[in-house]
> 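Please see the structure below; I have some questions.
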Amino acid sequence: MSNNREALPPYTGTRFTIDLCQLASGRSPAQDFLQELNARHFRELAKIQSNLWLLANEGLLRNEQKFKHIKGDIYEVKGNEARIFMFFDPTRN
């Protein structure tokens with residue numbers, strides 16, 4: 001488990017494991033996105049990382065300014081301007 005809110009996924013919290021999908025080619029668009037934020041928009045990345053850390057350690061967040069249910073198992077984690085979409089795999093936790 002990572003207690004570091006600045007760590008990039010994957011990491012395991014007390015409630016959920018946050019991981020990034022990989023394409024068959026081995027590429028991870030989500031990882032590319034987070035690395036781009038790290039290079040150009042660090043404050044935005046810090047906000048998203050903090051919200052992912054809260055999600056991993058606290059469970060589903062009720063604050064729609066940080067975390068929003070979209071449909072089914074798809075959720076949105078928000079920064080100030082950037083958003084990252086994720087889904088829950090209930091078979092993993």
Side-chain angles (χ1 to χ4, degrees):
M1 175 176 69
S2 174
N3 288 326
N4 182 357
R5 287 185 187 222
E6 287 78 38
L8 289 175
Y11 53 86
T12 300
T14 56
R15 300 288 308 270
F16 296 112
T17 296
I18 304 292
D19 204 350
L20 303 174
C21 293
Q22 286 189 329
L23 303 175
S25 66
R27 203 172 137 258
S28 173
Q31 185 72 31
D32 295 346
F33 173 73
L34 293 174
Q35 288 175 342
E36 179 71 19
L37 283 180
N38 189 37
R40 297 176 187 242
H41 306 284
F42 185 76
R43 286 185 137 160
E44 194 67 16
L45 174 65
K47 187 79 158 169
I48 288 175
Q49 286 173 308
S50 180
N51 290 338
L52 288 173
W53 186 91
L54 284 170
L55 175 65
N57 288 287
E58 305 290 327
L60 298 179
L61 305 175
R62 304 270 183 235
N63 182 342
E64 285 206 6
Q65 291 179 327
K66 297 179 180 183
F67 186 76
K68 182 179 179 184
H69 177 249
I70 302 297
K71 181 179 179 181
D73 291 333
I74 300 173
Y75 293 82
E76 175 184 30
V77 178
K78 301 176 183 181
N80 290 327
E81 296 178 24
R83 278 114 172 87
I84 190 165
F85 293 89
M86 58 188 299
F87 72 94
F88 283 99
D89 180 355
T91 64
R92 301 268 318 238
N93 282 322

> Would you say the side-chain atoms of E44 pair up with the backbone N or O of E81, donor to acceptor, closer than 3.5 Å?
yes
> Going by side chain to side chain contact (heavy atoms under 4.5 Å, CB included), N80 matches just one of H41, Q65, K47. Which one?
K47
> To the nearest 0.5 Å, what is the distance between CD on Q49 and CG on L37?
9.0 Å
> Drop me the distance from R83's CZ to F33's CZ, to the nearest 0.5 angstrom.
10.0 Å
> On a heavy-atom basis, which atom in S28 and which in C21 lie closest, and how many Å separate them?
OG-O, 3.0 Å
> What do you reckon, is NZ of K78 surrounded by more than 12 foreign heavy atoms closer than 6.0 Å?
yes
> State whether the side chain of T14 and the backbone N or O of N57 hold a donor-acceptor pair below 3.5 Å, judged by distance alone.
yes
> Roughly how far, to the nearest 0.5 Å, is the CG atom of L45 from the CZ atom of R43?
13.0 Å
> Using 0.5 Å steps for rounding, measure from the CG atom of D32 to the CG atom of L20.
10.0 Å
> Atom CD of E76 and atom CD1 of I70: how far apart are they, to the nearest 0.5 Å?
4.5 Å
> Which distance, rounded to the nearest 0.5 Å, do you find between the NZ of K66 and the CG of L52?
12.0 Å
> Please name the pair of heavy atoms, one in G72 and one in H69, separated by the smallest distance, quoted to 0.1 Å.
O-NE2, 2.8 Å
